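I have placed the structure first, in the form of structure tokens, so that the comments after it can refer back to it.
Everything numeric here is computed off the predicted structure, so don't read it as measured data.
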Amino acid sequence: MRTPRLNRREFVAGTGMTLFGALGTANARPDDPDSPSHWRPSIVAHRGFAGIYPENTALAARRASRGPHYSRAAMIEIDVMPTRDGDVVVFHDDRLSSRDGGERGLTDESGVVWETPTDVVTSASVLDSNETVPLLSDVLAEIPPHVGVNIEFKNPGSHDVVFGPAGDALENQRAIWRPFTERVLEICSGVDNPVLVSSFYEAAIAEIREQAPGLPVGFLLWDSIVDGLEVVRRYDCEAIHPPRNMIKNTPFFGDEYYTDGPFANIDLIDVAREEQRVVNVYTITDWYQATQLANAGVDGLICDYPNLISHPGRTTSKNSNTYQ
């Protein structure tokens with residue numbers, strides 16, 4: 001396949017060291033974490049800014065990437081999975097109507113996405129809007145070439161996938177992911193956008209690495225920094241995508257269910273800087289989260305809303321809580 005425009009070398013090269021530095025949308029993170037700096041993390045539109053647009057739709061991708069300059073994202077994050085016919089659609093949940101434990105339908109259709117014909121999936125209305133579930137190719141067509149795309153591999157069309165590190169099941173898991181990975185990468189090969197692919201699933205990362213070794217990849221962490229970093233290092237991932245609870249030197253570190261995991265003394269920002277990786281944090285929903293994480297030194301904020309940071313966030317040191 002033709003490698004999308006941003007390759008691995010560009011991802012970590014130059015003074016920016018980040019995807020977004022390569023895109024020219026953010027300043028470089030300083031080598032000295034305690035030196036004065038005026039910069040801000042780049043904004044990644046989570047499902048196309050799911051807080052204000054019907055998520056993962058062509059409309060969301062278009063508005064998040066083509067709106068006024070102050071509300072545009074540097075990158076659009078989307079989720080992909082197959083239909084029963086093998087077409088790749090942009091959708092997050094396994095089922096067409098299972099949001100909030102089934103109390104709220106994400107669409108007006110029902111059933112498992114990969115067990116449902118393409119025409120039914122792509123005619124389903126998303127969140128009572130006039131937007132329907134789109135094909136991946138249709139979403140990519142809405143995003144200008146200079147805007148990045150983060151494609152999260154959500155499911156290959158199986159109930160038998162292993163979340164996180166695959167362990168002894170890796171080879172069998174890779175076989176499940178292989179056909180779907182081939183289809184997604186083939187679609188991506190036709191775009192000029194900088195492309196970053198990511199997943200919670202080690203087997204997906206392994207398949208992507210083998211099929212498109214020049215493509216930047218990011219591993220999404222969930223409940224263990226230690227286990228997550230093992231996968232990141234095993235495949236030399238360019239990006240680490242942790243939840244905000246895993247970022248040390250912020251008020252969120254260790255809250256909710258991240259109270260006693262095997263990461264209490266690990267500073268992901270320091271690790272990433274040492275290993276020349278990018279840290280993009282999910283999912284940011286308000287200005288306070290955004291500013292605190294900016295002060296901690298993250299590279300990207302995967303946000304539900306635009307405009308959460310309107311000017312540089314980190315102004316003194318990574319331990320600073322000052323927002324100016």
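A single hydrophobic cluster is not seen to contain both Tyr53 and Leu106; linkage of ILVMFWY side chains at heavy-atom distances under 4.5 Å, directly or through other members, places them apart. Under the 4.5 Å side-chain heavy-atom criterion for grouping Ile, Leu, Val, Met, Phe, Trp and Tyr, Met75 is not connected to Leu59 through any hydrophobic cluster. The same ILVMFWY cluster, assembled from side-chain heavy atoms under 4.5 Å apart, contains both Ile76 and Leu220. Taken together through direct or relayed side-chain contacts under 4.5 Å among Ile, Leu, Val, Met, Phe, Trp and Tyr, Leu140 and Leu135 form parts of separate hydrophobic clusters. Linking Ile, Leu, Val, Met, Phe, Trp and Tyr residues whenever their side-chain heavy atoms come within less than 4.5 Å places Val161 and Trp222 in a single cluster.
Residues Pro242 and Leu268 share a closest heavy-atom pair of CB-CD1, 3.7 Å. Closest approach of Ala272 and Val279 over heavy atoms only: CB-CG2, 3.3 Å. Contact record, Thr283 with Arg244: O-NH1, 2.7 Å, taken as the closest heavy-atom pair. Nearest heavy atom pair, residue Phe200 against residue Leu221, reads CE2-O, 3.7 Å. Across Lys248 and Ile266, no two heavy atoms sit closer than the pair CD-O, 4.0 Å. Scanning all heavy atoms of the two residues, the minimum distance from Thr132 to Val126 falls at C-CG2, 3.9 Å.
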Passes side-chain contact (heavy atoms from CB on, under 4.5 Å), His241 versus Glu152? Steps please.
CA-CA 11 Å; His241 290 192; Glu152 182 183 336; over 6 Å; no

Step-by-step side-chain contact (heavy atoms from CB on, under 4.5 Å) determination, Asp94 to Trp114:
CA-CA 8 Å; Asp94 290 352; Trp114 57 84; 3.5 Å; yes

Does the pair Arg99 and Glu55 meet the rule for a salt bridge (Lys or Arg N to Asp or Glu O under 4.0 Å), with working shown?
CA-CA 12 Å; Arg99 189 59 56 87; Glu55 65 178 63; 3.0 Å; yes

Worked check of side-chain contact (heavy atoms from CB on, under 4.5 Å) between Val149 and Leu196
CA-CA 6 Å; Val149 185; Leu196 166 68; over 6 Å; no

Step-by-step side-chain contact (heavy atoms from CB on, under 4.5 Å) determination, Tyr235 to Phe219:
CA-CA 9 Å; Tyr235 302 98; Phe219 187 62; over 6 Å; no

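Summarising the geometry, atom CG belonging to Asp79 is positioned 4.5 Å from atom NZ belonging to Lys154; distances are rounded to the nearest 0.5 Å. For the atom pair OG1 (Thr122) and CD (Glu109), the distance works out to 10.0 Å, reported to the nearest 0.5 Å. Rounding to the nearest 0.5 angstrom, the gap separating the CD atom in Glu142 from the OG atom in Ser65 is 7.5 Å. Note that CG of Leu136 is 11.5 Å distant from CD of Glu186, once rounded to the nearest 0.5 Å. Separating the OH atom in Tyr282 from the CG atom in Leu293 is a distance of 13.0 Å, to the nearest 0.5 Å. Within the model, atoms CD1 of Ile43 and CG of Leu308 stand 6.5 Å from one another, a figure rounded to the nearest 0.5 Å.
Taking the ring centroids of Tyr305 and Phe49, they lie at or beyond the 6.0 Å cut-off.
A 4.5 Å side-chain heavy-atom check between Pro251 and Gln292 finds at least one atom pair inside the cut-off. For the pair Val113 and Asn155, the minimum side-chain heavy-atom distance is 4.5 Å or more. Side-chain contact between Thr83 and Thr116 is absent, with no heavy-atom pair separated by less than 4.5 Å.
Applying the 6.0 Å contact sphere to CG of Asp85 captures more than 12 heavy atoms from other residues, nucleotides or ligands. By the 6.0 Å contact criterion, CG on Asp119 is enclosed, its count of non-hydrogen atoms from other residues, nucleotides or ligands being greater than 12.
Arg84 pairs by the side-chain hydrogen bond (donor to acceptor under 3.5 Å, both in side chains) definition with nothing, not counting sequence neighbours.
Shown are Arg233, Arg277, Arg209; of these, the salt bridge (Lys or Arg N to Asp or Glu O under 4.0 Å) with Glu238 is made only by Arg209. Considering Phe153, Trp177, Phe180 in turn, Trp177 is the only one that fulfils the ring-ring contact (aromatic ring centres under 6.0 Å, His included) rule with Tyr201.
Side-chain contact check for Glu115 and His159: at least one donor-acceptor pair (N or O, by modelled atom type) lies under 3.5 Å. If you check the side chains of Ser198 and Asn150, you find a donor sitting under 3.5 Å from an acceptor.
Put simply, the side chain of Asp286 gets close to the backbone of Gln289: a donor and an acceptor are under 3.5 Å apart. Between the side chain of Arg40 and the backbone N or O of Ile309, at least one donor-acceptor pair lies under 3.5 Å. Of the possible donor and acceptor atoms, none in the side chain of Gln173 sits under 3.5 Å from a partner among the backbone N and O of Asp168. Within the 3.5 Å criterion, the main-chain N or O of Ile205 finds no donor-acceptor partner in the side chain of Ser199. Checking side-chain atoms of Glu77 against main-chain N and O of Arg47 turns up a donor-acceptor pair under 3.5 Å. The main-chain N or O of Thr107 is found under 3.5 Å from a side-chain atom of Ser97 such that the two form a donor-acceptor pair. Asn56 contributes no side-chain N or O that, together with a main-chain N or O of Ile78, makes up a donor-acceptor pair within less than 3.5 Å. Glu202 places a side-chain N or O within 3.5 Å of a backbone atom of Ala166 that can act as its donor or acceptor partner. A donor-acceptor pair is defined here as one N or O able to donate and one able to accept, closer than 3.5 Å; such a pair exists between the side chain of Asp108 and the backbone of Ser125. Side-chain N or O atoms of Asn193 include none that pairs as donor or acceptor with a backbone N or O of Val195 at under 3.5 Å.
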